[in-house]
Amino acid sequence: HRVDRRQRQMCIRDRHCAVQTFNKACELDDPWACTMYGFHLSRGIGVAPDADLALKVLDKSCKHGPADPACSGARQLQEDIRNALEAAKR
C-alpha cells in the first residue's frame with residue numbers, strides 16, 4: 001500500500017508539473033501548449049477545473065489560423081466546454 005501511495009503522489013506531482021509547463025509555454029504563445037493547458041483546465045487534470053479560464057486560453061491556440069490542428073482541437077474543446085456549461089444550467 002505504501003508503494004501505491006507513493007505512485008499516486010508522483011503521478012499527481014507529474015500531472016501538476018505538466019500543467020504548469022503547458023501554462024508557461026502557452027504564455028509564450030505556443031498554440032499546442034494552449035490547447036493542452038485548456039484541456040487540463042477543462043477536465044481538472046493536475047489543476048482545479050476552470051472552464052472560464054480554459055475557454056480563454058483556448059483562444060490563444062489559433063495563432064496559425066483555423067487550419068492548424070492546435071486550433072481545430074481547441075475549437076472542438078471550446079464547443080464541448082460550452083455544451084457542458086449549458087447542460088449544467090438545465
Side-chain angles (χ1 to χ4, degrees):
H1 296 337
R2 183 178 176 166
V3 172
D4 291 340
R5 181 182 298 159
R6 270 178 74 195
Q7 287 176 334
R8 278 190 302 243
Q9 289 172 339
M10 287 174 59
C11 184
I12 291 168
R13 186 179 64 235
D14 291 347
R15 286 182 184 163
H16 179 74
C17 181
V19 171
Q20 293 310 308
T21 301
F22 293 138
N23 180 22
K24 294 296 181 192
C26 181
E27 288 175 356
L28 297 172
D29 295 324
D30 180 293
W32 266 118
C34 294
T35 300
M36 294 304 297
Y37 183 45
F39 172 79
H40 282 75
L41 284 167
S42 72
R43 303 293 197 276
I45 301 170
V47 66
D50 188 333
D52 293 328
L53 182 56
L55 290 169
K56 183 178 175 181
V57 300
L58 288 166
D59 280 335
K60 294 178 68 176
S61 298
C62 292
K63 175 181 175 180
H64 300 299
D68 182 34
C71 182
S72 58
R75 293 294 180 237
Q76 180 62 55
L77 188 52
Q78 284 178 317
E79 183 179 334
D80 294 346
I81 294 167
R82 288 186 183 107
N83 288 341
L85 291 173
E86 282 300 314
K89 290 179 183 178
R90 295 182 203 140

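A quick note: this is a predicted structure, and the numbers were derived from the prediction, not measured. The analysis underlying the following values was restricted to heavy atoms, covering all of them including side chains, and did not include hydrogens, waters or symmetry mates.
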Ignoring hydrogens, what is the shortest heavy-atom contact between Ala33 and Ala25? Give both atom names and the distance. CB-CB, 3.4 Å
Can you tell me how far the CG atom of Asp50 sits from the CZ atom of Arg43, to the nearest 0.5 Å? 14.0 Å
Give the minimum heavy-atom separation between Cys71 and Gly65, together with the two atoms involved. CB-O, 3.3 Å
Show the numbers, then the answer: is there a salt bridge (Lys or Arg N to Asp or Glu O under 4.0 Å) between Glu79 and Arg82? CA-CA 5 Å; Glu79 183 179 334; Arg82 288 186 183 107; over 6 Å; no
Answer yes when Arg75 and Asp59 have at least one side-chain N-carboxylate O distance shorter than 4.0 Å, and no when they do not. yes
Treat each ILVMFWY residue as a node, draw an edge where side-chain heavy atoms are under 4.5 Å apart, and state whether Ile81 and Phe39 are in one component. yes
Could you check if a side-chain atom of Cys34 sits within less than 4.5 angstrom of a side-chain atom of Phe22, using non-hydrogen atoms only? no
Val57 with Val19, same ILVMFWY side-chain cluster at under 4.5 Å: yes
Measure across Glu27 and Lys60 and return the closest heavy-atom pair with its distance rounded to 0.1 Å. CA-NZ, 3.9 Å
If we only count heavy atoms from C-beta on, is the Asp68 to Pro31 side-chain gap below 4.5 Å? yes
Let me confirm one number: the CG-NE2 distance from Asp29 to His64, rounded to the nearest 0.5 Å. 9.0 Å
Indicate the atoms forming the closest heavy-atom contact of Gln78 with Leu55, along with that distance. NE2-O, 3.0 Å
Tell me whether Lys56 at atom NZ has more than 12 heavy atoms from other residues, nucleotides or ligands lying less than 6.0 Å away. no
Beyond-backbone contact of Leu41 with Val47, side-chain heavy atoms, under 4.5 angstrom: yes
If you take all heavy atoms of Leu85 and Ala51, which pair is closest and at what distance? CD2-CB, 4.0 Å
Return the minimal non-hydrogen interatomic distance between Leu77 and Thr35, and the atom names on each side. CD2-O, 4.2 Å
Out of curiosity, Ser42 OG to Leu53 CG, how far, rounded to the nearest 0.5 Å? 10.5 Å
Between CD of Gln20 and OH of Tyr37, what distance do you get to the nearest 0.5 Å? 6.5 Å
